[in-house]
Amino acid sequence: MSIIFEQASKTFHLTNGKISYLIKILPNGQLGQLYFGKAIRHQERFDHLLEMTTRSMTACVYEDDDLFSLEHVKQEYPSYGTGDFRHPAVRLLQQNGSAITNFVYESHTVTAGKPALAGLPATYCEADSEAETLCIVLRDALIGVRIELLYTVFADHAAIARSARLVNEGDAAVTIDTAMSLSLDLPDCEYEWVQLSGAWSRERHIHTRKLVPGVQSVESARGNSSHNHNPFVALKRCETTETLGEALGFSLIYSGNFLAQAEVDTWGVTRMTMGINPFAFAWKLEPGEAFQTPEAVVVYSDCGLNGMSQTFHRLYQKRLARGYWRDRPRPILLNNWEATYFDFTVEKLLNIAKTARDQGVELFVLDDGWFGARTSDKAGLGDWVPNPARLPDGIGGLSEQIEALGMKFGLWFEPEMVNKDSDLYRAHPEWVICTPGRSMTHGRHEYVLDFGRREVVDFIFESMAKLLREAKISYIKWDMNRCITEAFSGALPADRQGEVFHRYILGVYDLYDRLTTTFPEVLFESCASGGGRFDPGILYYAPQGWASDDSDAVERLKIQYGTTMCYPVSSIGAHVSIVPNHQVYRITPLETRANVACFGTFGYELDLNRLTEEELAMVREQVAFMKEYRGVLQFGTFYRLLSPFDGNYVAWMAVSEDKKTAIVGWYKILNEVNSFFRRVKLCGLDPALRYRVDGAGVYAGDELMNVGLLTTDSSAGECRGDQKPSRDFDSRLFILKAE
């Protein structure tokens, strides 16, 4: 791992033996981009990679030089208006109305380790030997603004973390309307763009398309990263598969409005930018103030999309998620929501909890409806005081009763929202985000608290902390059920209203940080009507997130498959729910529901008292299986094998660190008749070892990876009496153990 600066050629080389990143100071003092990809040997000069030519109708930097034009030079942190007509990384509006800037190299430093980002989540190091960080300082002398570009190279990951810090050292305020976390000019456009998009209950579906000239992007302007688009994209070569070929992954560690964009110019250069969405953003930077962008992470893989994903998984699991629960297998829980909704009593809850305890479940979670006047979604939000009519002994009493059963207790909150029918709203209507003189748009009868105001965050913190101190609460489900509309803060002047969205997210991070610091052993699970804010920013505070409100096993195949493009299995909240499923009314086998959910944090979202004795026996087996193998399932190396977006069969697998244990999940969506013989090629095994496949025989690792694991079932040919019948929504888990 090293960051090298060649003074003679003014070239930076960032490398760790896995990747290389080359930056050059251009003749005009700005930064140029030379290369990012697989590691190459260092040399004193890479000047040949700076390609320039004379082109008609281009704007040139120097009066007597028609060669050097910013329009067709690959740049590192470009601005707009002095020859480069592509989208910029930075744009500052000055008091005279100009947005023209000229940021040139001033200095740089290289330090061991990785600095924290003030007020923002980011990857981190536990020892300085894990990473090196380059800080390049750029300055615009006319307006006195300095930009500090941070690049962290990790010793063990084919990844670079990037961010920018803008400091106003001038005499006048400037307004930031664009400040991207990452800009990367790639020398060609022979890529396919991969994004994770969808909507509520079908989040993070994989969509792929060829890059073409022009702009391709995904974004959010909803105040949260959103169900619709995730702050992750990949660029892969057209021939790249899950296991072979080149791929670049881009991920933004941020939970608010974002933009991820690829612009292909008329000469085939691809400019990839990622950061806070410039739409509806304007940040006033007074003299002496600084602004820090969120962190973006770029990953390189020459081992296909699985290789890219595994780099994200390792980095985010071990050096983004933090704290007590980072490395611990997650408790198996039962959530009462789909079992009772708002209709519960203490007796009903304890009956559900006792049955769950008897099956081996470790954590009981009380969801919505325990507080204030909350008997529906129309009242009570904001009043985080137990309802004595429902809980005579409060949360403290219920939590003690649950713990007396030998289980841990968890509780649902939605701290960022308020109902009009609440004591909080009646006392502080000014704490709601709304525009004076305009009507207020509701979502689920909820309104958004202005988390950009310190007093609001203080109040919610004290309300939640009081309960956490008084009761035995081991787990918090943090929900967020609507986006921001009428974005206006009564606490900000007119020229700062463009800061509302970002200040809100900073307030969310502040509350998370205070709670996780004060109560370090509480397990936080994020939720936003399911997957509306499933992003790396929240993962920094909550090591797992409810992946989707859609708990149907078949729908979850696509949701969880897409989610693993960037996020580790340990972060994916996945439960076994009742049938008919409450989202799509599909009836799937209990076995398949568990076989999908076990590739996640695992739990149940139903009343186990409504199951038959045979089904309860299956639940006991599922819980026992999960307890034995959750270390492998949640923290092993994960491989996608067969995509639900490509056909009727789905497969994925997790392999232990020592490669001696593997779990393969195999799923068939619809049954077939007189079908093919089938096999699936496995990944990640030790080719020299022999593996016993639970009752099916012993096979060499190289055979399982190159020939494949036989998955033929009774749909091939005619089903006879000695065969297990196949069915719609069928599944099987294969357990492999090295002998």
Side-chain angles (χ1 to χ4, degrees), residues 200-204 329-341 349 352-353 355-357 359-368 407-408 410-412 475-479 523-532 534 542-561 563-564 567 569-611 615-616 618-623 625-627 630 633-634 665 667 729 731 733:
W200 175 81
S201 275
R202 52 177 177 86
E203 299 91 339
R204 292 175 301 285
R330 306 299 154 71
I332 298 168
L333 66 82
L334 184 138
N335 185 297
N336 77 298
W337 180 240
E338 289 193 9
T340 68
Y341 293 101
L349 295 175
I352 294 171
T355 304
R357 184 271 317 271
Q359 317 316 311
V361 174
E362 301 161 312
L363 169 67
F364 177 81
V365 179
L366 175 58
D367 210 281
D368 196 356
M407 304 174 75
K408 296 297 184 181
L411 194 61
W412 179 95
Y475 161 102
I476 294 281
K477 180 182 177 183
W478 180 318
D479 212 342
L523 172 59
F524 283 78
E525 177 168 307
S526 62
C527 179
S529 279
F534 196 105
Q544 63 190 55
W546 185 228
S548 176
D549 278 347
D550 192 339
S551 55
D552 173 69
V554 175
E555 292 300 311
R556 272 301 188 107
L557 291 171
K558 288 184 176 180
I559 293 167
Q560 292 177 211
Y561 194 97
T563 301
T564 64
Y567 304 98
V569 170
S570 61
S571 71
I572 300 174
H575 294 171
V576 177
S577 63
I578 200 166
V579 292
N581 175 264
H582 286 189
Q583 289 78 48
V584 300
Y585 301 98
R586 187 177 0 242
I587 297 176
T588 54
L590 179 58
E591 180 182 23
T592 292
R593 282 175 268 159
N595 289 349
V596 174
C598 72
F599 284 88
T601 57
F602 197 74
Y604 293 85
E605 190 105 3
L606 47 77
D607 184 351
L608 293 173
N609 292 306
R610 298 181 182 181
L611 300 187
E615 289 172 327
L616 286 175
M618 292 179 66
V619 169
R620 287 192 293 276
E621 291 177 4
Q622 292 164 3
V623 171
F625 167 82
M626 196 65 196
K627 287 180 179 178
R630 58 185 160 187
L633 291 162
Q634 294 171 359
Y667 312 91
F729 322 129
S731 67
L733 296 182

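With hydrogens and angles disregarded, a donor-acceptor distance shorter than 3.5 Å links the side chain of R204 to the backbone of A547. Using a distance-only test at 3.5 Å, with no hydrogens or angles considered, no donor-acceptor pair links the side chain of D607 to the main chain of A339. At distances below 3.5 Å, not a single donor-acceptor pair connects side-chain atoms of N581 with backbone N or O atoms of I587.
With a 4.5 Å cut-off on side-chain heavy atoms, H575 and L333 count as touching. Counting heavy atoms from C-beta outward, V576 and F602 have side chains that approach closer than 4.5 Å. Residues T340 and I352 form a side-chain contact, since some pair of their non-hydrogen atoms from C-beta on lies under 4.5 Å apart.
Distance check: Y667 OH to S731 OG gives 6.5 Å after rounding to the nearest 0.5 Å. Within the model, atoms CD of E338 and CG of D367 stand 9.5 Å from one another, a figure rounded to the nearest 0.5 Å. We find the CD1-CZ distance between I578 and R593 to be 8.0 Å, quoted to the nearest 0.5 Å. From D479, atom CG reaches atom CG of D368 across 8.0 Å, with rounding to the nearest 0.5 Å. Interatomic distance, NZ of K408 versus OH of Y475, reported as 15.5 Å (0.5 Å rounding).
Q634 and R630 form no side-chain donor-acceptor contact under 3.5 Å, judged by distance and modelled atom types alone.
Heavy atoms from other residues, nucleotides or ligands lying under 6.0 Å from CZ of R610 number 12 at most.
Between V623 and G360, the closest heavy-atom pair is CG1-O, 3.5 Å. Of all heavy-atom pairs between Q622 and A594, the closest is CD-CB, 3.3 Å. When every heavy atom of T601 is checked against every heavy atom of G573, the shortest pair comes out as OG1-CA, 3.2 Å. Contact record, F729 with T592: O-OG1, 2.7 Å, taken as the closest heavy-atom pair. Between F599 and V569, the closest heavy-atom pair is C-CG1, 3.4 Å. Closest approach of C598 to L733, counting heavy atoms only: SG-CD1, 3.9 Å.
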Step-by-step side-chain contact (heavy atoms from CB on, under 4.5 Å) determination, F534 to S548 = CA-CA 9 Å; F534 196 105; S548 176; over 6 Å; no
key: Q359/Y604 under side chain to side chain donor-acceptor pair (under 3.5 Å): CA gap, chis, key distance, verdict   = CA-CA 11 Å; Q359 317 316 311; Y604 293 85; over 6 Å; no
task = Output, in order, the C-alpha distance, side-chain angles, deciding distance and verdict of side-chain contact (heavy atoms from CB on, under 4.5 Å) for L349 and F364.
result = CA-CA 9 Å; L349 295 175; F364 177 81; 3.9 Å; yes
ask   = Between I332 and E362, does a side-chain contact (heavy atoms from CB on, under 4.5 Å) hold up when you go through it step by step?
value = CA-CA 5 Å; I332 298 168; E362 301 161 312; 3.6 Å; yes
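E555 pairs in a side-chain hydrogen bond (donor to acceptor under 3.5 Å, both in side chains) with only one of the listed residues (R586, R202, Q560), which is R586. Screening E605, H582, R556, Q583 against S551 for a side-chain hydrogen bond (donor to acceptor under 3.5 Å, both in side chains) leaves a single residue, Q583.
For the pair R330 and E525, the salt-bridge criterion is not met [side-chain N within less than 4.0 Å of a carboxylate O].
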